[in-house]
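Here the structure is laid out as structure tokens; the discussion comes afterwards.
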Amino acid sequence: MKITRLGNTFAALAGGVDVRHPLCAAEVDAIEHALAQEGVLVFRAMPMNDDQQQALIERFGPPSEVKLEELKTAKSAHPHFFDVSTVEDDGGKLDPNSARGMYLRANLLWHTDGSQAQPPIRLTALSARRLPAVPPDTEYADMRAAYDALSAARKAEIDGMKVEHSIFYSRSKMGMKVADWAEDAFKKRPPVVHPLVRTNPLTGRKSLYLASHASHIIGLPVDTGRALIEELTEHATQRCFVYAHKWAPDDLVMWDDRWTMHRATPYDGDDARVLRWSGVLELEPV
Ligand code: OGA
Ligand code: MN
């Protein structure tokens, strides 16, 4: 596998490996190490079907299940995938005020996939299935560089802090209300607690673990904890920490959710944008 840094960013192009074919152990290992170093890996020209995407993610661990009925359509009713899509199954534009529309709109907020779950998602694989002529970027932020740039006092203060994450918190920021969710949604997605600072087992480097789902800090007044989360998020998403991915047709982008955050950028065009999303879970609670 050939790793080429994408400009002056932390992300990289991964060449010389065809992720549509069964990966051998050495290839899986190389990708794991590249993700631990580079965080975001772009595999170009990988037109992919669902079976290939499923086989790929299964090489890295248990696939994340999509439990929320709000996200599924007849076409995307796959247990492990959902479509980050601007269209309905019939090709018509997705209603931005439908439950799916609102749910997906929250991708505009800086987030980490699956931090609202326990165990959380470790890796995401996103396959571009249809892109408009001028696709919107997806932006990624390096939570490791952001941690390194904190003052020693700040690091000492936040090491050991625990944060409550909830899908209902991130979605309420985009105007979703209780009535917009299926009745059992709350039971299926109870809030979870994760450390604010994580250490990558392969590199030993520390990083911030933040997300739009991060609601408050355990043991601090809600407002105080929320203000700290917001301050750290602003710090961590300064342009110097960000890689903006420019999508090309048939891109497959894999990223490490342990030490990156990402967000969608606005797109309101009529041309369909469809990306097939899949995630790999951590083996243990975090
Ligand atoms: C995702 C996501 C952003 C985008 O697929 O997890 O946040 O640009 N996507 O679609
Ligand atoms: Mn996401």
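Just so you know, ligand 1 is whichever comes first in the structure, and atom 1 is the first atom listed for that ligand.
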Those atoms of ligand 1 less than 4.0 Å from some heavy atom in [X]:
X	result
Leu126	5 (O)
Thr138	3 (C), 4 (C), 8 (O)
Val84	5 (O), 10 (O)

Exercise. Could you tell me whether a side-chain N or O of Lys93 sits under 3.5 Å from a main-chain N or O of Asp268, the two making a donor and an acceptor?
Key: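 Between the backbone of Asp268 and the side chain of Lys93 there is a qualifying donor-acceptor contact (under 3.5 Å).
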Exercise. Say whether, by atom type as modelled, one donor and one acceptor occur between the side chain of Asp251 and the main chain of Ala128 under 3.5 angstrom.
Key: no
Quiz item: Atom CZ in Arg189, atom OG in Ser166: separation rounded to 0.5 Å?
Solution: 9.5 Å
Quiz item: Quick one: CG on Leu210 to CG on Leu196, what's the gap to the nearest 0.5 Å?
Solution: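 These two atoms lie 6.0 Å from each other.
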Which residue supplies the protein heavy atom nearest to [atom], what is that atom called, and how far is it?
atom	value
atom 1 (C) of ligand 1	Trp277 CD1, 3.7 Å
atom 3 (C) of ligand 1	Ala264 CB, 3.6 Å
atom 10 (O) of ligand 1	Arg273 NH1, 2.9 Å

Quiz prompt | Nearest candidate to atom 7 (O) of ligand 1, where distance is taken over non-hydrogen atoms, out of Glu139, His111, Met261 | solution =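 Among Glu139, His111, Met261, the closest heavy atom to atom 7 (O) of ligand 1 comes from His111.
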Quiz item: Among Ile121, Asn107, Asp83, whose heavy atom sits nearest atom 2 (C) of ligand 1?
Solution: Asn107
Quiz item: Does ligand 1 have an atom under 4.0 Å from some heavy atom of Asp113?
Solution: yes
Self-check item: Closest approach of Arg154 to Glu157 (non-hydrogen atoms, all atoms of both residues)
Solution: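 Nearest heavy atoms, Arg154 then Glu157: NH1-OE1, 2.6 Å.
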Practice problem: Indicate the ring-plane relationship of Trp259 and Phe10, choosing parallel, tilted or perpendicular according to the 30° and 60° boundaries. | Solution: tilted
Quiz item: Relative to the ring of His78, is the ring of Phe81 parallel (under 30°), tilted (30 to 60°) or perpendicular (over 60°)?
Solution: parallel
Self-check item: Arg129 versus Gln53, side-chain donor and acceptor atoms under 3.5 Å
Solution: yes
Quiz prompt | Protein N, O or S within less than 2.8 Å of the Mn ion (ligand 2), waters excluded | solution = His111 NE2, Asp113 OD1, His262 NE2
Exercise. Could you tell me whether His262 and ligand 1 have an N or O pair separated by under 3.5 Å?
Key: yes
Quiz prompt | Among Asp113, Thr237, Thr112, the one residue meeting side chain to side chain donor-acceptor pair (under 3.5 Å) with His262 | solution = Asp113
N/O donor to acceptor pairs below 3.5 angstrom from side-chain atoms of residues 97-109, sequence neighbours left out:
unit_1: Ser98; atom_1: OG; unit_2: Asp95; atom_2: O; d: 2.7
unit_1: Ser98; atom_1: OG; unit_2: Gly101; atom_2: N; d: 3.0
unit_1: Arg105; atom_1: NH1; unit_2: Pro96; atom_2: O; d: 2.9

Quiz prompt | Contact partition for His245 relative to ligand 1, non-hydrogen atoms under 4.0 Å | solution = neither
Quiz item: So Lys173 and Glu230, salt bridge (charged side-chain N to carboxylate O under 4.0 Å, His left out) or not? Walk me through it.
Solution: CA-CA 13 Å; Lys173 292 180 192 171; Glu230 276 163 21; 6.0 Å; no
